**Q** 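Pasting in a structure now, in structure tokens, and then I'll have a few things to ask.
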Amino acid sequence: MGPGSERAPRSALLDLLRFAAAGLIVLYHYRFDSPIKLDLFSPLFDRGYLATDFFLILSGYVLGRAYGRQIALGKVSDEQFLLRRVMRVWPAHVVMLVAFAAVIGAAEMAGRAPHNAAQVQWRDWPAQLALIQAWGLHRGEGWNVPTWTLSALIVCYAGFPTLWRRTLGDWPAASLLVIGVSVLAGADLVSEALYGQGVFDLPSNLGVMRALPLFVFGALVARASEAGWPLRRWAPWQAIAAFAGFCVLQATGKFDLPSMALLGLMIGAAGEIPARGQAKLAWQAAKVSFALYITHIFVATLWFNFIHAVDARFNPPAWEQWSLWGMAFPAALIAAVVFERWADRPLQAGVAALLRPRPGRYPALAPNGSGRRH
């Protein structure tokens with residue numbers, strides 16, 4: 001599979017970056033309920049979607065590093081791969097969506113409509129439950145908004161084994177990276193022609209079109225890694241340079257396409273930086289990041305409805321409003337830790353038992369192909 005075939009599939013630095021990106025997504029969503037809209041301070045607060053795009057690129061990269069060899073050697077069927085990936089995200093998603101329904105239903109029965117009532121329309125709930133809301137079949141975003149990415153990733157998962165097999169061979173790393181950036185550019189041109197806006201600005205109901213090129217780019221970055229890029233001794237400098245370039249772009253304007261390219265290069269370089277004693281902490285942060293991603297809107301629904309009720313009744317001074325708003329972030333983190341420990345972890349143990357291999361079947365995969373969960 002090339003000179004990089006023995007490289008480790010997991011990176012502590014990427015795990016920490018994943019957690020940081022999850023935190024930025026929380027800030028991006030919570031900014032709407034701040035006492036003063038954060039977008040007024042800087043347009044950077046309006047670009048938290050870049051953290052979501054980082055996740056999508058990272059998903060393609062991580063799956064390539066974790067599953068690529070087993071797919072190339074035919075040790076796992078396409079069907080089993082897809083089933084494993086769906087079962088990694090769907091049970092936790094169902095738990096959260098049922099919790100949403102219980103809270104909203106109870107509030108409506110008590111005659112207290114949530115302040116974001118337009119977002120939680122019952123007609124949108126079945127599509128979210130089935131995780132098909134990003135397939136272009138309906139228009140509603142509502143309920144647990146960030147899970148549009150999970151919906152879109154199911155389509156990406158279905159195509160990943162074919163993509164990986166098609167790119168096997170003696171491809172130069174530079175060619176793979178150029179192809180990946182070209183996929184992003186091509187998707188952006190198609191989106192402009194069809195919808196009059198860039199692919200990275202598409203609404204969540206068109207999430208598959210937005211996610212697929214980013215996921216493919218991430219997988220091709222992983223293939224470039226299998227081809228020997230980057231050299232490990234240069235990886236820290238390349239990661240720093242890519243991150244610095246990304247920051248410069250964000251400080252000077254909205255440059256989505258080059259920003260995505262730099263995020264992909266940063267992921268590929270960071271994936272080659274060895275852990276230095278923080279691997280366990282980083283892995284715990286990565287596990288919590290998934291829980292934080294799918295629980296923070298539920299926490300916001302509870303917390304900000306409470307804040308709106310307080311504001312309406314007591315009209316507190318600005319410093320109290322900011323304090324109450326700021327408390328949403330530790331509340332979201334605590335909820336994520338609790339959910340990961342007492343919901344997601346038991347659910348995944350049950351999934352592992354359910355999907356344990358039978359004689360004559362393909363061997364079971366750990367959820368990330370390396371004995372650890374992604």
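What you see is a predicted model; the values in this text were computed from it and never measured.
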**Q** How close do Tyr30 and Ala300 get, counting heavy atoms only, and between which atoms?
**A**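 Heavy-atom minimum between the residues: CE1-CB, 3.4 Å.
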**Q** Can you tell me how far apart CG (Asn205) and CZ (Arg210) are? Round to the nearest 0.5 Å.
**A**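 Taking CG in Asn205 and CZ in Arg210, the distance rounds to 11.5 Å.
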**Q** Is the number of heavy atoms from other residues, nucleotides or ligands within 6.0 Å of CH2 (Trp234) greater than 12?
**A** no
**Q** Nearest 0.5 Å, please: how far is CG in Leu177 from CZ in Phe217?
**A** 6.5 Å
**Q** For atom CZ of Phe329, decide whether the heavy atoms of other residues, nucleotides or ligands shown that lie under 6.0 angstrom number more than 12.
**A** yes
**Q** Tell me which one of Val103, Asn144, Leu97 satisfies side chain to side chain contact (heavy atoms under 4.5 Å, CB included) with Phe298.
**A** Val103
**Q** Kindly compute the distance separating CG (Leu333) from OG1 (Thr295), expressed to the nearest 0.5 Å.
**A**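 Reported value, rounded in 0.5 Å steps: 9.0 Å.
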**Q** Return yes if some donor-acceptor pair links the side-chain N/O of Arg223 with the main-chain N/O of Thr167 below 3.5 Å, else return no.
**A**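 Checked: pair present.
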**Q** Tell me, which pairs form a salt bridge (Lys or Arg N to Asp or Glu O under 4.0 Å) where one or both residues lie in residues 107-120, sequence neighbours left out?
**A** none
**Q** Taking the six-membered ring of Phe45 as reference, does the NZ or CZ atom of Arg31 fall below 6.0 Å from its centre and within a 45° cone about the axis?
**A**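 No cation-pi geometry.
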**Q** Any chance you could lay out the side-chain contact (heavy atoms from CB on, under 4.5 Å) test for Asp256 and Asp201, step after step, and finish with the verdict?
**A** CA-CA 9 Å; Asp256 286 346; Asp201 296 320; 3.9 Å; yes
**Q** For Thr149 and Tyr293, does a side-chain donor sit closer than 3.5 Å to a side-chain acceptor?
**A** yes
**Q** For residues Trp229 and Gly268, report the shortest heavy-atom separation together with the two atoms involved.
**A**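 Shortest heavy-atom contact: CZ3-CA, 3.7 Å.
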**Q** Run the salt bridge (Lys or Arg N to Asp or Glu O under 4.0 Å) test against Asp188 and tell me which residues pass, sequence neighbours left out.
**A** none
**Q** Is Arg88 positioned over the aromatic face of Phe290, cation under 6.0 angstrom from the ring centre and no more than 45 degrees off axis?
**A** yes
**Q** Can we call the ring centroids of Trp148 and Trp143 under 6.0 Å apart?
**A**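 No; Trp143 has its ring centre 6.0 Å or more from that of Trp148.
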**Q** Report the distance from atom CG of Leu82 to atom SG of Cys156, rounding to the nearest 0.5 Å.
**A** 11.5 Å
**Q** Mind listing the closest non-hydrogen atom pair of Ala352 and Arg84 along with its distance?
**A** CA-NH1, 4.2 Å
**Q** Looking only at atom types and distance, does a side-chain atom of Gln133 sit under 3.5 Å from a main-chain N or O of Ser151, one as donor and one as acceptor?
**A** no
**Q** Assert yes or no for the condition that the ring centre distance of Trp325 to Trp322 is strictly below 6.0 Å.
**A** yes
**Q** What is the minimum heavy-atom distance between Trp303 and Ala328, and which atoms define it?
**A**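 For Trp303 versus Ala328, the nearest heavy atoms are CD1-CB, 3.5 Å.
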**Q** Apply the test side-chain contact (heavy atoms from CB on, under 4.5 Å) to residues Thr147 and Met96: give CA-CA distance (whole Å), side-chain angles for both, the deciding distance (0.1 Å), then the verdict.
**A** CA-CA 10 Å; Thr147 59; Met96 286 310 306; over 6 Å; no
**Q** Scan side-chain atoms only and decide if Glu272 and Ser225 contain a donor-acceptor pair under the 3.5 Å cut-off.
**A** yes
**Q** Please tell me if the side chains of Leu27 and Leu38 come closer than 4.5 Å, counting only heavy atoms from C-beta onward.
**A** yes
**Q** If we only count heavy atoms from C-beta on, is the Leu83 to Glu79 side-chain gap below 4.5 Å?
**A** no
**Q** Can you see which heavy atom on Phe54 is nearest to which on Ala21, and at what distance?
**A**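 Taking Phe54 first and Ala21 second, the nearest heavy atoms are CD2-CB, 3.7 Å.
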**Q** Before you tell me yes or no, could you show the steps for Tyr28 and Leu50 under side-chain contact (heavy atoms from CB on, under 4.5 Å), namely the whole-Å CA-CA distance, both residues' side-chain angles and the distance that decides it to 0.1 Å?
**A** CA-CA 10 Å; Tyr28 178 61; Leu50 292 170; over 6 Å; no
**Q** Could you report the tightest heavy-atom contact between Pro230 and Ala235, atom names first, then the distance?
**A** CG-CB, 4.1 Å
**Q** Begin from the C-alpha positions of Val155 and Phe215 and carry the test side-chain contact (heavy atoms from CB on, under 4.5 Å) through to its verdict.
**A** CA-CA 10 Å; Val155 177; Phe215 181 89; over 6 Å; no
**Q** If I take atom CD1 from residue Ile267 and atom CZ from residue Phe55, how far apart are they, to the nearest 0.5 angstrom?
**A**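 Rounded to the nearest 0.5 Å, the CD1-CZ separation comes out at 10.0 Å.
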**Q** Taking atom CD1 of Ile334 and atom CG of Leu292, what is their separation to the nearest 0.5 Å?
**A**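 With rounding to 0.5 Å, CD1 (Ile334) is 12.0 Å from CG (Leu292).
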